[in-house]
Number of protein chains: 2
Amino acid sequence: MNGQFETLSFAPGYRRVAAAIAERILDRRLKHGDPLPPETELATQFGVNRSTIREALRELESADLVARRRGTKRMVVARPAASRVAGRLRHAFALHDVTVREVWAMLEVLEPPAAEAAALARTPATLARITAAVAAYQADHAAAPAAAAGVGEFFRAVAAAGGNRILPLMHEPLLQLLAVALGVMIDAAPPARARIGVAQARIHEAIERGDAELARSWMAKHVRDFRRGFEIGGIDLDTPVPID
Amino acid sequence: MNGQFETLSFAPGYRRVAAAIAERILDRRLKHGDPLPPETELATQFGVNRSTIREALRELESADLVARRRGTKRMVVARPAASRVAGRLRHAFALHDVTVREVWAMLEVLEPPAAEAAALARTPATLARITAAVAAYQADHAAAPAAAAGVGEFFRAVAAAGGNRILPLMHEPLLQLLAVALGVMIDAAPPARARIGVAQARIHEAIERGDAELARSWMAKHVRDFRRGFEIGGIDLDTPVPID
DNA sequence: AATGGCCTTATTGTCGGACAATCATACTAT
DNA sequence: ATAGTATGATTGTCCGACAATAAGGCCATT
């Protein structure tokens, strides 16, 4: 505060309205699932025009703090689903020209602990999802895109089994970013497909038996293996991740 | 496709407009920093009313795909900054009632590899930031909030030194979520403050010397220590993270 | 009782026009 | 070169309007 004035802040009405509603949602005065008042009522309550309200609502809608169920009119308070937040993150990463190497390095950080946690916290339901993912991958030996999707589902199932709700949110954008590169890799390096199947089976087995250390080490090997696959597939690790 | 019709999708005009512009941005036809055409021109180009354009713009603005430089009128194409994305993620986590334990577990996953990477990829500039963070923490022995902020800055500096641009984006929301709990902990458990200082110094030293293994193990110990701090500070690990 | 048709009302999506505030720019005077 | 001034472009906000449609109540049919 040494003699300088702080920059005084303007804020357009639509932004202030959005902030006010967001605050109500974040401090739980508006709970998840509550219907929002109609636009006209919001307009009178805030003392602004309906157009202004609508712009604020678009902002909140884009932030996934409010949503509309399909084929319905009233808005309800929502909470951001993993997939939506992941999409936002994916955009951010893509626009920052994140490279395949960086995404892969993050997977190398996240997945082994995820497997370890899954082995410790598994339940019949979460285990079933992993089993299904492994089976689906091995059944689907036909198309590369399907195989790539199968790889993603396996990681998702393992992450979900760990019981930490932050992990799925964080690695979802990574999986989305890698989807294209994975497809290329599986197409170009046929042995990779088989090795992935073996690794999945081993990891699945370790998680099923509750052997955390084994699950971790196999997962580490599994992720490390991707790097060779990318190199064989001719994917330059230092180019920006390809977008769909 | 077995006899079921796919749900045919309407989409309001403002959403289609937003999607069209977003696509142009994501496929780089509109580059970062490019000015957007004025609203009236967009309206005629899309053949819709300016109100519709404005609602679409609010959506893109909230997604941080477009932004306005302070005190200027024209919109420019932007790319989501770390802080904005982190805020969005923090909201999502908070609304999902994520617990202190979950946040802390993620730090336990992310920070040791971050320290390891920092030791391998450090540069004079990134090292200087870590040095400054350690010094600031040890100078600021007065207020708990300041100390908590210092802890955050240390983690940020280490993450930035690793050179992977995804990591800072991912752990930023975790630090924001933990800020409150850290303040409480530092207030309630005075010895914790000293131990944190020691750990920071050791990690800093290891990174400076390029000793990746030492950096990793000290960071692991450092994060593990937080758990004890939380327990001593009377913070229940299984309650939702406190929001500011 | 459940189902489907019909009507009324409430609400949203979109439009057109309007106006003040203010940013951008060119021009002028010092 | 700098500061003032005039002009046009652009945004923020308002008003009023209307078609389309979701919500909800009522009624007849099965």
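In what follows, chains carry the letters A, B, and so on, assigned in the order in which the sequence lines appear, proteins first and then strands, with residues in each chain numbered from 1.
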Would you say the side chain of [Y] lies within less than 4.5 Å of the side chain of [X], judging by non-hydrogen atoms?
{"X": "Arg50(A)", "Y": "Pro38(A)", "answer": "no"}
{"X": "Leu65(A)", "Y": "Leu95(B)", "answer": "yes"}
{"X": "Arg29(A)", "Y": "Glu23(A)", "answer": "no"}

- Message: Taking the minimum atom-to-atom distance to the side chain of Pro12(A), which one of dT13(D), dT11(D), dA22(D) wins?
- Response: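 Of the candidates, dT13(D) comes closest.
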- Task: Using a 4.0 Å heavy-atom cut-off across all strands, classify Arg69(A) as base, sugar-phosphate, or nothing.
- Result: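 No contact.
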- Query: At what distance, to the nearest 0.5 angstrom, does CG of Leu60(A) lie from CD1 of Ile21(A)?
  - Reply: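 Going from the CG atom of Leu60(A) to the CD1 atom of Ile21(A) covers 5.5 Å.
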- Short side-chain N/O contact from Thr40(B) to OP1 or OP2 of dA9(D), under 4.0 Å: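 Indeed not, no polar side-chain atom of Thr40(B) lies that close.
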- Item | Most 5' of Gly47(A) and Thr72(A) on DNA chain D, judged by nearest nucleotide |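 The residue mapped nearer the 5' terminus is Gly47(A).
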- Using a heavy-atom cut-off of 4.0 Å to chain A, what are the terminal contacting nucleotides of DNA chain C, in 5' to 3' order?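 On DNA chain C, the outermost contacted nucleotides are dT11(C) to dT14(C).
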In whole angstrom, what separates [X]'s [atom1] from [N]'s [atom2]?
{"X": "Asn49(A)", "N": "dT11(D)", "atom1": "CG", "atom2": "C1'", "answer": "15 Å"}
{"X": "Arg74(B)", "N": "dG8(D)", "atom1": "CZ", "atom2": "P", "answer": "18 Å"}
{"X": "Arg54(B)", "N": "dT11(D)", "atom1": "CZ", "atom2": "P", "answer": "8 Å"}
{"X": "Arg16(A)", "N": "dG12(D)", "atom1": "CZ", "atom2": "C1'", "answer": "11 Å"}
{"X": "Leu42(B)", "N": "dT10(D)", "atom1": "CG", "atom2": "C1'", "answer": "12 Å"}
{"X": "Lys73(B)", "N": "dG12(D)", "atom1": "NZ", "atom2": "C1'", "answer": "8 Å"}
{"X": "Arg50(B)", "N": "dT10(D)", "atom1": "CZ", "atom2": "C1'", "answer": "8 Å"}
{"X": "Leu36(B)", "N": "dT10(D)", "atom1": "CG", "atom2": "P", "answer": "12 Å"}

- Query: So, the side chain of Arg54(A) versus the backbone of Glu39(A): is there a donor-acceptor pair under 3.5 Å, distance only?
  - Reply: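 Here the side-chain-to-backbone pair does not exist.
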- Message: Using a 3.5 Å distance criterion without hydrogens, assess whether the side chain of Glu55(A) forms a donor-acceptor pair with backbone atoms of Thr52(A).
- Response: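 Pair absent, no side-chain N/O of Glu55(A) close to backbone of Thr52(A).
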- Electrostatic pair Glu61(A)-Arg68(A), nearest N-O below 4.0 angstrom: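 Counted as a salt bridge, because a side-chain N and a carboxylate O are separated by less than 4.0 Å.
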